[in-house]
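Below is one structure, written out as structure tokens; the observations come after it.
If you read the sequence from its start, that first residue is 1, and numbering goes on from there.
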Amino acid sequence: MLKKNENASIREIVGWSSLLVLPPALYFLGVAYALTVQAALFVSILTVVILMWLFNLVDDYIPPLLGMVAALLFGLAPASVALSGLSSPSLITLMGVFALASVITSSGLGRRFVLSMLNKVPNRFFLQENILVCCGLLLSVVSPSGNSRVTLVLPLFKEISDAMNLPKRGKAITSLMAATYGGAMLFSTALSNSKSASIAALSMLPIYLQDQYLGVFWIMAASVPMVVLLLIHFLSVRIMFSNEEPKALSKEILVAHLKELGPLSAKERTASVAFIFFFFGSLTSGLHHIGTASIAGMTILLLLVMGAFNKIDFQRSMDWPMIFFMLCMDSMMRTMAHLGLDQQLSNAVGSFFAFVDGSFILYMLATLVVTLVLRLAFPVAAGMLLSFLVMLPVTLSQGYSPWVCVFMTAIFSDIWFFRYQNSVFLIIWNSESVDDFDYQLFMRHNMIMNFARVFCVLVAIPFWSWMSMI
């Protein structure tokens, strides 16, 4: 049997060998099949990025940074496009959320909230851990970013695991992490504004359809698959992690800990005001028309001016590798659009779906395969949008509602098998909490939820038919 380091060496040899062979081969193949030199170069660069991820040759944030720099170096797009991700509003949004999460933790407000909630809910671990799922639901109302949601929920995971003294890498703490991740991701397709890619996809539809799909219609149409998905999550957690039940918490000890914290400190009050400002500011953005990025920017300014967040916090609390990962991927996707590759991809594969021929099951399977294949190369938002562009003409030709295409590409894009595919999990992976839970056990639960996302769409078919969408 090969040792771990021998396996790693073989993987690296295969990975670097693939880098030497596949990108040049795809470049010449692309030129031979009428791609422009710039487009063929971009395909080659994208192949390098994917291979580096697949074989885990470098840290996750390095490949997209390399791709962005290469696109600029080879002149595939002007600097305003090739570096556009670095000027994206997402930068301010992420910085604001990371700062807010840091202050909530360092001020003790997170601990106070967790102790108060544990004291109020019945003394059952299943209910206690699902505090995190409920927090994720509330944040899904105001934040379209799973990255933002998990950043705000993750400190609560640490507080609950410490308060309950859960053993590391045990089933209980892994179940708690499943609830943390579930809180950030389970409701990403429950509302029209809970996923940034869904908002972008809707913006590509005619105005009258956008108005029709927003609000109550989306909640109603998504209700059946969302309820099924949530039930499967609860069932999976209950079955997979049931053999380890933590000791019941003493309510007296919880009350004693709350008394030790004393009244709210000035830093806690600042953190409370900042969170309330961010939450209700984002919730009411449709009324005042101020974007989430601006609200997040004002939030971080409030924390800085009030002294709750200083220079040292600014250096240590920001997950800069993760921020660069997402912003560089944004730049690469904009370069791809600049070269017209997204539209070429849609046109190239559109003729392959004649086999659907009125069968919704075949249409669903085609959407699933397209989304999964594209998600091997692209992050959640870009993978969903490209899948939507490819499948929308098929949707219209079959007479199905475009909303079905938006929803299915959105929920299928949340399926992932490798760490690099999911920036939400990468935030967890890069945090201190990664050493607390059992990664393999968590991934088995994630695999169940991958199948659940397909199953909940199948269950929703009669309901969508009743709504005359298919």
Side-chain angles (χ1 to χ4, degrees), residues 185 188-192 194-195 197-206 208-210 212-214 217-229 232 341-417 421 447-470:
M185 292 301 292
S188 65
T189 51
L191 301 167
S192 58
S194 295
K195 196 181 186 80
S198 298
I199 299 171
L202 283 175
S203 68
M204 299 178 188
L205 299 176
Y208 77 93
L209 284 179
Q210 295 181 39
Q212 176 185 336
Y213 293 157
L214 293 175
F217 177 90
W218 187 294
I219 295 172
M220 182 178 178
S223 60
V224 171
M226 285 298 97
V227 169
V228 172
L229 188 65
I232 294 175
L341 278 173
D342 51 352
Q343 195 59 51
Q344 289 182 52
L345 176 65
S346 176
N347 295 336
V349 301
S351 59
F352 293 142
F353 298 106
F355 65 88
V356 172
D357 195 26
S359 170
F360 187 80
I361 297 296
L362 290 177
Y363 165 76
M364 186 204 76
L365 292 175
T367 305
L368 174 64
V369 171
V370 168
T371 307
L372 292 185
V373 169
L374 289 173
R375 283 282 287 110
L376 287 173
F378 302 102
V380 175
M384 180 208 155
L385 286 175
L386 286 173
S387 303
F388 173 74
L389 287 173
V390 169
M391 295 307 300
L392 183 60
V394 184
T395 308
L396 298 176
S397 69
Q398 299 298 316
Y400 303 141
S401 167
W403 181 90
V404 174
C405 185
V406 175
F407 182 84
M408 288 205 305
T409 53
I411 198 166
F412 291 158
S413 67
D414 287 339
I415 296 174
W416 60 283
F417 307 97
Q421 289 182 286
M447 188 60 68
I448 291 173
M449 296 310 298
N450 286 342
F451 285 107
R453 286 178 166 86
V454 180
F455 178 74
C456 71
V457 171
L458 287 170
V459 172
I461 291 175
F463 182 66
W464 289 343
S465 180
W466 175 77
M467 290 185 67
S468 301
M469 291 195 295
I470 60 177

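For the pair M384/K195, a side-chain contact is recorded, criterion being any heavy-atom separation below 4.5 Å from C-beta on. With a 4.5 Å cut-off on side-chain heavy atoms, M391 and Y400 do not count as touching. With a 4.5 Å cut-off on side-chain heavy atoms, T367 and S387 do not count as touching. Between V457 and P225 there is no side-chain heavy-atom pair separated by less than 4.5 Å.
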Steps toward side chain to side chain contact (heavy atoms under 4.5 Å, CB included) verdict (L229, M226): CA-CA 5 Å; L229 188 65; M226 285 298 97; 4.0 Å; yes
Candidate pair V454 and F412, rule side chain to side chain contact (heavy atoms under 4.5 Å, CB included), full reasoning: CA-CA 7 Å; V454 180; F412 291 158; 4.2 Å; yes
Side chain to side chain contact (heavy atoms under 4.5 Å, CB included) evaluation trace for M364 with V404: CA-CA 10 Å; M364 186 204 76; V404 174; over 6 Å; no
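For the atom pair OG1 (T189) and CE (M408), the distance works out to 12.5 Å, reported to the nearest 0.5 Å. To the nearest 0.5 Å, the span separating CZ on F388 from CZ on F407 amounts to 14.5 Å. Here OG of S413 is found 11.5 Å from CG of L368. Values are rounded to the nearest 0.5 Å. Taken from CD1 in I232 to CD1 in I448, the straight-line distance is 9.5 Å, to the nearest 0.5 Å.
For W403, there are no side chain to side chain donor-acceptor pair (under 3.5 Å) partners, not counting sequence neighbours.
Judged by distance alone, the side chain of W416 and the main-chain N or O of N450 form no donor-acceptor pair under 3.5 Å.
Atom CZ of F451 sits in a sparse spot, with 12 or fewer heavy atoms from other residues, nucleotides or ligands closer than 6.0 Å.
Annotation for P402 and L396: closest pair CG-CD2, 3.9 Å, computed over non-hydrogen atoms. When all heavy atoms are compared, the tightest approach of V390 to V370 is CG1-CG1, 4.1 Å.
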Per-pair distances, 0.1 Å, donor-acceptor, side chain in residues 458-470, under 3.5 Å, sequence neighbours excluded:
from, atom 1, to, atom 2, distance (Å)
W464, NE1, A221, O, 2.9

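Of the listed residues (V380, I411, D414), just one forms a side-chain contact (heavy atoms from CB on, under 4.5 Å) with S188, and that residue is D414.
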